[in-house]
Amino acid sequence: MRIMIIGASQGLGRALIDGLGNTGDTLIGVSRTVPDPLPRRDDVIVDWVPADAGQPAQAARHLAKAVQKEGLDVLIYNLGLWENRAFEEDYRFLDDPDDDIQHLVAVNITATLLVIKALLPALLQATAPRILLTGSTSGLPGSGRPEVTFGASKFALRGMAEALREGFRGQGLAVSCLQLGHLNTDDPLTTPCEQAAQRGDGTLIPLHDVVSMVRSLLALSPASYVRELVLPAIADPRF
C-alpha cells in the first residue's frame with residue numbers, strides 16, 4: 001500500500017508517519033521542506049516530497065508528478081492553518097487581517113481541492129482508493145467556537161467529502177472525515193499512551209488514539225468505509 005500524508009513534518013502528521021504502514025508499505029510524507037534525516041522505519045519505506053500548499057497549483061502539479069509512476073492507494077490530507085489568535089480568549093474575527101484570511105483559505109480550501117483533483121487519477125487506479133480528510137470538531141454544528149475562517153474551512157471539508165463520494169462512488173472511492181478535538185501534540189508516539197493520555201486532564205487527545213483509529217480505517221475491506229469519525233476529548237463540554 002502506498003500512503004501519502006500531507007502535512008507530515010510534525011504533530012499528527014509526523015505521528016502518522018511513525019505509526020502507519022505494514023511490512024512492505026510505502027509512506028510518502030509531504031511538507032514544505034524535507035526532514036534531514038528522513039524518519040526511519042525497519043519494515044516500511046519512507047519517502048518525502050516537498051510541496052508548499054501556500055502555492056496550491058504548483059503543489060498540486062508537483063504531487064501528481066511524484067505519484068505518476070508508482071501510483072497511490074491512500075491520501076491523508078492533514079494540513080490546516082488557523083488564525084493567529086485562534087483558540088485564545090482575545091480572538092476577534094474583526095482583528096484578522098484580510099491577507100491572513102485569504103492565505104488561510106488558499107491553504108485550507110483551495111490547495112485541498114487542487115491537490116485532490118491532481119491526485120485522483122492515480123488514486124482511482126487503486127483497488128481500494130481512500131481519502132482521509134483531517135477536519136476538526138470546530139467544523140461541526142454546535143461546536144461553540146468563534147474562529148470564523150478556520151471553522152468555515154473545516155465545514156468546507158465535509159462538503160468536499162460529500163461531493164467526492166457522490167462523484168466517484170462508481171469507482172469505489174472511500175472518503176472519510178476525521179473530526180478531531182484538541183490534540184496532545186507534545187507527546188510523540190514514543191511516549192507511552194497511558195502517560196500521554198494524562199496530559200490536559202481529559203481535555204487533550206493522545207496522538208496514539210488518532211493513529212489507532214486511522215489504522216483501523218485503512219484495514220477495512222473495499223466493501224465499506226467510515227463516513228465520518230468524531231473524536232473529541234473525554235472532558236470536552238461541547239460534545
Side-chain angles (χ1 to χ4, degrees), residues 1-18 20-22 24-36 38-39 41 44-81 102-135 153-154 156-178 214 217-218 220 222 225:
M1 183 181 292
R2 290 174 57 81
I3 305 169
M4 176 177 283
I5 302 167
I6 296 181
S9 62
Q10 59 186 349
L12 175 58
R14 178 55 191 266
L16 294 171
I17 288 287
D18 292 338
L20 295 183
N22 299 313
D25 287 347
T26 297
L27 301 177
I28 307 167
V30 177
S31 59
R32 282 182 296 177
T33 58
V34 178
D36 185 18
L38 284 178
R41 300 279 302 278
V44 174
I45 299 169
V46 178
D47 199 358
W48 214 275
V49 180
D52 182 2
Q55 303 178 51
Q58 180 179 338
R61 289 193 298 269
H62 190 48
L63 294 177
K65 184 177 180 180
V67 302
Q68 188 173 24
K69 182 178 180 181
E70 300 294 334
L72 187 65
D73 298 289
V74 178
L75 171 63
I76 301 178
Y77 205 99
N78 177 56
L79 188 62
L81 303 180
Q102 292 183 71
H103 180 64
L104 194 153
V105 169
V107 171
N108 290 11
I109 300 179
T110 305
T112 309
L113 289 168
L114 294 186
V115 167
I116 290 175
K117 180 174 180 284
L119 294 177
L120 266 174
L123 274 169
L124 293 175
Q125 298 302 311
T127 302
R130 296 187 182 274
I131 297 176
L132 275 62
L133 302 174
T134 300
S153 71
K154 293 305 180 181
L157 289 182
R158 301 182 83 195
M160 292 181 205
E162 293 283 341
L164 285 167
R165 280 191 292 261
E166 293 305 318
F168 298 95
R169 190 179 299 278
Q171 287 112 307
L173 179 65
V175 187
S176 302
C177 276
L178 311 181
V214 172
L217 296 181
L218 298 185
L220 295 174
Y225 76 102

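- Nearest heavy atoms, Asp73 versus Ala126: OD1-CB, 3.4 Å.
- Between Leu132 and Asn78, every side-chain heavy-atom pair lies at or beyond the 4.5 Å cut-off.
- Residues Ser9 and Arg14 are not in side-chain contact: their nearest non-hydrogen atoms beyond the backbone lie 4.5 Å or more apart.
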List the atom pairs, donor and acceptor, that lie under 3.5 Å between side-chain atoms in residues 104-114 and the rest of the protein, sequence neighbours left out.
{"from": "Asn108", "atom 1": "OD1", "to": "Leu81", "atom 2": "N", "distance (Å)": "2.8"}
{"from": "Asn108", "atom 1": "ND2", "to": "Leu81", "atom 2": "O", "distance (Å)": "2.9"}
{"from": "Asn108", "atom 1": "ND2", "to": "Ser153", "atom 2": "OG", "distance (Å)": "3.1"}
{"from": "Thr112", "atom 1": "OG1", "to": "Asn108", "atom 2": "O", "distance (Å)": "2.8"}

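- Considering only residues two or more places apart in sequence or on other chains, Arg32 meets the salt bridge (Lys or Arg N to Asp or Glu O under 4.0 Å) condition with none of them.
- The salt bridge (Lys or Arg N to Asp or Glu O under 4.0 Å) check on Arg41 picks up nothing, with sequence neighbours excluded.
- At least one donor-acceptor pair under 3.5 Å links the side chain of Lys154 to the backbone N or O of Thr134.
- Here the closest heavy-atom approach between residue Tyr225 and residue Leu220 is recorded as CA-CD1, 4.0 Å.
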Which pairs of donor and acceptor atoms, one on a side chain in residues 50-65, lie under 3.5 Å apart (sequence neighbours left out)?
{"from": "Asp52", "atom 1": "OD1", "to": "Gly54", "atom 2": "N", "distance (Å)": "2.8"}
{"from": "His62", "atom 1": "NE2", "to": "Pro50", "atom 2": "O", "distance (Å)": "3.2"}

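- In this structure the side chain of Val74 reaches within 4.5 angstrom of the side chain of Leu218, judged on heavy atoms.
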>> Set out, in order, the CA-CA distance, both residues' side-chain angles and the distance that settles side-chain contact (heavy atoms from CB on, under 4.5 Å) for Ile76 and Ile131, then state yes or no.
In response: CA-CA 6 Å; Ile76 301 178; Ile131 297 176; over 6 Å; no

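- For Arg2, the side chain to side chain donor-acceptor pair (under 3.5 Å) test picks out no residue, with sequence neighbours left out.
- When all heavy atoms are compared, the tightest approach of Thr33 to Trp48 is O-NE1, 3.6 Å.
- Of all non-hydrogen atoms in Leu119 and Leu72, the two that sit nearest each other are CD1-CD2, 4.3 Å.
- Looking at Leu75 and Arg130, their side chains never come closer than 4.5 Å, going by heavy atoms from C-beta outward.
- Of all non-hydrogen atoms in Gly167 and Gln171, the two that sit nearest each other are O-OE1, 4.2 Å.
- Nearest heavy atom pair, residue Ala161 against residue Leu133, reads CB-CD1, 4.2 Å.
- Glu162 is linked by a salt bridge (Lys or Arg N to Asp or Glu O under 4.0 Å) to Arg165, Arg227, counting only residues two or more places apart in sequence or in another chain.
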